[in-house]
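Below, chains carry the letters A, B, ... as their sequence lines are ordered, and counting in each starts from 1.
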2 protein chains.
Amino acid sequence: MKTVLVVDDEPRIVELARDYLEHAGFAVLTAVDGPSALKAARARKPDLLVLDLGLPGMDGLDVARAIRRDSTLPIIMLTARDDELDRVLGLEIGADDYVTKPFSPRELVARIRAVLRRIDRESEPGDRIEASGVSIDIARMRVDVDGRTVELTPTEFQLLVALARQPGRIFTRSQLLDAIHGLAFESYERAIDAHVKNLRRKLEPDPSRPRYVQTVYGVGYRFAEERE
Amino acid sequence: MKTVLVVDDEPRIVELARDYLEHAGFAVLTAVDGPSALKAARARKPDLLVLDLGLPGMDGLDVARAIRRDSTLPIIMLTARDDELDRVLGLEIGADDYVTKPFSPRELVARIRAVLRRIDRESEPGDRIEASGVSIDIARMRVDVDGRTVELTPTEFQLLVALARQPGRIFTRSQLLDAIHGLAFESYERAIDAHVKNLRRKLEPDPSRPRYVQTVYGVGYRFAEERE
DNA sequence: GCCGCGTGTGAAGGACTCGTGAACGTGACC
DNA sequence: GGTCACGTTCACGAGTCCTTCACACGCGGC
């Protein structure tokens, strides 16, 4: 059974969500402000976070950033229409999806299910990835290559994980942006290039001739396939 | 460039969507009722359909069902709040996503992009073309022929895929140009010749006597049909 | 066999793509 | 307030790919 943490300052909303989510078969945790949301997220390890953008005091964006700094917990943002929505779409927080208020509880349930499905599907290989001599410990955010341990930033790490989950498979820059930020974010595709450069510098024995993160001209990047 | 077909009976909505979508780099087709939407979907082959649920006459759900009967065209539903939304969620019409009215144009654009990314991400390796001894892995952009693996440029690859999808069928140069670039791109038809030459050099055991990519004098090219 | 026309081919130019270093903005930490 | 780490953006150079052109060759009709 999946656990969902719902954060909103209006008790009415929280209770409405709780009713529907429990009815839909989720375990529900709740919080009414940013700090307690952070605490609950760390202590109780929910599978997904439903987060109101307009929290008093500590803003929903701040909460999301704080969470994303050290975990990949999926986040669905709750926003009032228009102005708030634009903030989610345009600004830098990588929400996996968003629902606008006033929301239909059924819509919320549907979007939660959709996000969880997507996450499941993409994260099958447990918490460790082995590919072509690179070993990735997802929980610890640690990467070993050729015996040495490499320190990566969160972005570099997510990029590597996205690629290494399916060695050989080609990803466009747009897909990689998705993997890093989630749905709600637009930015310059070539930012990916910069991350690839940094990743290669740390990962590759000879960055000028990549062995792991290969570029596919005119398309994107891929992680090298196992080939004897 | 991707093409989106927008269907709504309110011209105001259609025009709003057109503005934003074109600005976001999509080619936009429009329709104001069910029958003409079906016609446009078949004739113009858009990459995605934005479909109002509350069409007069032929309902949006009917349109979606009719389309889904013979294609996998991705569909984003436009719905008024609440009651209509429930119909989308409840009746398992295979919409890929939905947006509630009144919608933010940016949200529509974001969801369209997300669906399109998801779609071409799902061309899993398993999506292969096998024809006459040539094996094409779409997601990996890899081609195996007679045991050896061949590296192709994006254009060469698209050309080969277009031909090999329907072995034996003859394509004119103009059709092949369409397959390589989207429609609406003019260039010298004989550019195809150059790509065919390069493709043959990489693919054929003896490029001067093509076994796979054959010339049909006065018409165009075709991929060799399976024989005995 | 000859001729017209379509096709194969190599080379050249230009367009596009990628790698890189550097600058800028932001938030975290001291 | 200052420093630091990180992510993003920009501009430039280098390299790859696409297109075009010119010419040679081959096909089909007469």
- Message: Check this for me, if you would: do D8(A) and R18(A) make a salt bridge, where the nitrogen-to-carboxylate-oxygen distance has to be below 4.0 angstrom?
- Response: no

- Message: Taking the minimum atom-to-atom distance to the side chain of P154(A), which one of dT9(D), dC17(D), dG7(D) wins?
- Response: dG7(D)

- Task: Rounded to the nearest angstrom, tell me the gap between atom CD in E189(A) and atom P in dC10(D).
- Result: 14 Å

- Query: With respect to the side chain of R200(B), which nucleotide from dG8(C), dT9(D), dG7(D) is positioned closest?
  - Reply: dG8(C)

- Task: Round to the nearest Å and state the distance from M141(A) atom CE to dC6(D) atom C1'.
- Result: 12 Å

- Message: If I take atom NE2 in residue H195(B) and atom P in nucleotide dG10(C), what distance separates them, rounded to the nearest angstrom?
- Response: 16 Å

- Query: CD1 of I192(A) versus C1' of dG19(C): gap in Å, rounded?
  - Reply: 15 Å

- To the nearest angstrom, the OH-C1' distance between Y188(A) and dC18(C) comes to 11 Å

- R209(A) bridged to E204(A) by N-O distance under 4.0 Å: no

- Task: Tell me whether the OP1 or OP2 atom of dC18(C) has a side-chain N or O from R173(A) closer than 4.0 Å.
- Result: yes

- Task: Taking the six-membered ring of F171(A) (Phe, Tyr or Trp), confirm whether the NZ or CZ of R169(A) is under 6.0 Å from its centre and within 45° of its axis.
- Result: yes

- Rounded to the Å, how far apart are Q214(A) CD and dT17(C) P? 21 Å

- Message: Taking only side-chain N and O atoms of R190(B), does any of them lie within less than 4.0 angstrom of OP1 or OP2 on dT7(C)?
- Response: no

- Taking only the side-chain heavy atoms of D193(B) (C-beta and beyond), determine which of dT7(C), dT8(D), dC17(D) contains the nearest atom. dT7(C)

- Take the protein atom NZ of K197(A) and the nucleotide atom C1' of dC6(D), then report the distance between them rounded to whole Å. 12 Å

- Query: Rounded to whole angstroms, how far apart are NE2 on H181(B) and C1' on dC17(D)?
  - Reply: 11 Å

- Message: Does a side-chain N or O of T215(B) approach OP1 or OP2 of dG8(C) to a distance below 4.0 Å, or not?
- Response: yes

- Query: Of the nucleotides dC18(D), dT7(C), dC6(D), which has the atom closest to the E156(B) side chain?
  - Reply: dC18(D)

- Task: Identify which nucleotide among dG21(C), dT19(D), dC18(D) has an atom closest to any side-chain atom of T153(B), counting heavy atoms from C-beta outward.
- Result: dC18(D)

- Item | Cationic tip of R111(A) above Y98(B) ring, under 6.0 Å, 45° of axis | yes

- For the side chain of Y217(B), counting heavy atoms from C-beta on, which of dG4(C), dT19(D), dT17(C) is nearest? dG4(C)

- Item | Ion pair check, E151(A) and K202(A), cut-off under 4.0 Å | no

